[in-house]
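Worksheet: one structure, shown below.
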Amino acid sequence: MDTASMDAHDVVGAAPRALATEAVHAGRDDLARQGLHAPPIDLSTTYPSYDSRGEADRIDAFATDGADPSGPPIYGRLGNPTVARFETALARLEGTESAVAFASGMAALSAVLLARSAEGLRHVVAVRPLYGCSDHLLTAGLLGTEVTWTDPAGITDALRPDTGLVMVESPANPTLAEVDLRAVAHACGTVPLLADNTFATPVLQRPAEQGARLVLHSATKYLGGHGDVLGGVVACDERLAGRLRQIRFATGGILHPLAGYLLLRGLATLPVRVRAASASAAELVHRLTADPRVARVHYPRIGGAMIAFEVHGDPHEVISRVRLITPAVSLGSVDTLIQHPASISHRIVDADDRRGAGVHDGLLRLSVGLEDVDDLWADLDHALGGRAVTPVPLQAAAPLREPAAG
Ligand SMILES: *Cc1c(COP(=O)(O)O)cnc(C)c1O
């Protein structure tokens with residue numbers, strides 16, 4: 001049977017494996033027995049069954065607790081074997097019982113909010129900064145939730161009887177501010193803590209080990225890792241996973257099987273990519289910190305491949321002058337990206353709230369990729385300007401580039 005849930009049973013009782021090993025094997029444990037090496041991509045929307053009594057029972061069971069229906073798949077919105085492989089692998093990497101994948105990071109967060117609201121728990125306590133659209137979703141109350149913003153020390157006081165969720169990001173997008181997850185989890189009491197682990201990835205940090213009940217990823221970023229797939233995933237215990245599957249089934253925010261395949265493939269190289277890019281990032285932090293054109297560098301204690309820095313000059317000028325680095329929103333790709341959060345990733349957040357969260361107008365966010373670090377520095381050095389660089393016309397300097405638009 002080509003299901004990832006079967007893999008999970010296969011490893012019960014086996015010795016725990018290291019993250020690097022899980023990254024290439026989790027979700028694939030059954031392949032050799034099937035005579036396969038690469039995971040198959042199952043694009044079926046529906047599945048034939050001559051046993052409709054049996055399907056009725058399995059649908060009833062799903063409606064009760066959201067458990068992954070055992071046996072053959074039923075319909076693509078209920079579950080997909082290729083996506084299940086990715087879910088199995090990600091749960092293994094985050095050290096949780098289960099994981100549920102969605103069409104994007106925002107679809108994943110929406111499902112969590114809906115699941116809590118459905119239990120009558122509409123109130124969310126959250127710590128800024130969060131990713132701009134997560135902040136927007138909570139602030140605007142688009143899903144009928146109400147948010148109280150606080151700092152980590154204020155969490156316990158902010159809890160109410162109808163609080164269904166506490167949400168933090170660490171390191172946070174875009175300032176890389178960190179919270180003490182263990183202390184925050186303790187402050188939450190019985191309210192589930194959701195930690196957005198998009199920036200750290202399970203390679204650098206496993207929030208479930210520190211008490212987070214829900215670990216969220218924009219899989220679009222490091223998990224996919226190549227800038228060619230949108231996805232989201234929540235790693236959690238099986239009870240919460242069941243609720244999330246039921247929400248996903250009813251609202252339709254499913255991950256496409258091809259995206260599931262690409263995300264599983266991305267996981268295989270995740271540890272190697274994150275460690276290599278983090279080493280380059282640490283070196284760039286060193287050079288940026290020593291540079292008089294740079295006012296401030298933000299880099300988290302746990303490391304990683306994300307850097308935020310503030311320039312004395314105009315940040316828009318820096319964006320307009322990069323040539324090797326891509327000036328684009330998003331992060332976590334094999335190539336290096338730079339963007340201006342106040343203009344793009346956090347534009348949708350009210351300017352006062354944004355600045356209050358430390359997202360200053362001079363702040364730039366750099367997602368370090370796998371290029372040679374000296375080539376990256378040469379590009380940053382040029383982009384920062386202020387050196388005796390002979391002006392070169394854009395066409396001559398970058399013949400392969402389209403003329404800059406907007
Ligand atoms: C990008 C991002 C999201 C949203 O993910 P999408 O896949 O773009 O929907 C959520 N959290 C963080 C930290 C992000 O960087």
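Both ligands and their constituent atoms are indexed starting at 1 by order of listing. Worth saying up front: this structure is predicted, and the values here are computed from it rather than measured.
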(request) Please identify which atoms of ligand 1 are closer than 4.0 Å to at least one heavy atom of Glu169. (result) 13 (C)
(message) Quick check for you: to the nearest 0.5 Å, what is the distance between Tyr261 atom OH and Leu255 atom CG?
(response) 14.5 Å
(request) Please check if any side-chain donor atom of Thr269 sits under 3.5 Å from a side-chain acceptor atom of Arg273, or the reverse. (result) yes
(request) Output yes when the distance from some N or O of ligand 1 to some N or O of Ala219 is under 3.5 Å, and no in every other case. (result) no
(request) Considering only non-hydrogen protein atoms, determine which one is nearest to atom 7 (O) of ligand 1 and report residue, atom name and distance to 0.1 Å. (result) Thr220 OG1, 2.6 Å
(request) Test Arg128 against every option in Asp352, Asp350, Asp353 by the salt bridge (charged side-chain N to carboxylate O under 4.0 Å, His left out) rule and name the one that passes. (result) Asp353
(request) Flag the pair Asp29 and Arg17 as a salt bridge only when some basic side-chain nitrogen lies within less than 4.0 angstrom of an acidic carboxylate oxygen. (result) yes
(request) Please name the pair of heavy atoms, one in Ala342 and one in Asp361, separated by the smallest distance, quoted to 0.1 Å. (result) CB-OD1, 4.0 Å
(request) Could you find the nearest protein heavy atom to atom 5 (O) of ligand 1 and give me its residue, atom name and distance? (result) Ser218 OG, 2.9 Å
(request) Would you check the N or O atoms of Met106, main chain and side chain alike, for any that come under 3.5 Å of an N or O of ligand 1? (result) yes
(request) Could you tell me whether Glu87 and Arg248 have a side-chain N and a carboxylate O separated by less than 4.0 Å? (result) yes
(request) Report yes if some N/O of Ser134 lies less than 3.5 Å from some N/O of ligand 1; otherwise report no. (result) no
(message) I want to know if ligand 1 touches Tyr131 in the polar sense, i.e. an N/O pair below 3.5 angstrom.
(response) no
(message) Once rounded to the nearest 0.5 Å, what's the spacing between atom NE2 of His298 and atom CE of Met306?
(response) 12.5 Å
(request) Please could you name the atoms of ligand 1 that Gly231 approaches to less than 4.0 Å, counting only its heavy atoms? (result) 7 (O)
(request) Look at atom 14 (C) of ligand 1 and say which protein heavy atom is nearest, naming residue and atom and giving the distance to 0.1 Å. (result) Lys221 NZ, 3.0 Å
(message) Looking at every heavy atom in both Ala281 and Ile307, which two are closest together, and how far apart are they?
(response) O-CD1, 3.5 Å
(message) To check your reading of the model: name the closest protein heavy atom to atom 13 (C) of ligand 1, its residue, and the distance in Å.
(response) Asp196 OD2, 3.3 Å
(message) Within ligand 1, which atoms have a heavy atom of Asn173 less than 4.0 Å away?
(response) 14 (C), 15 (O)
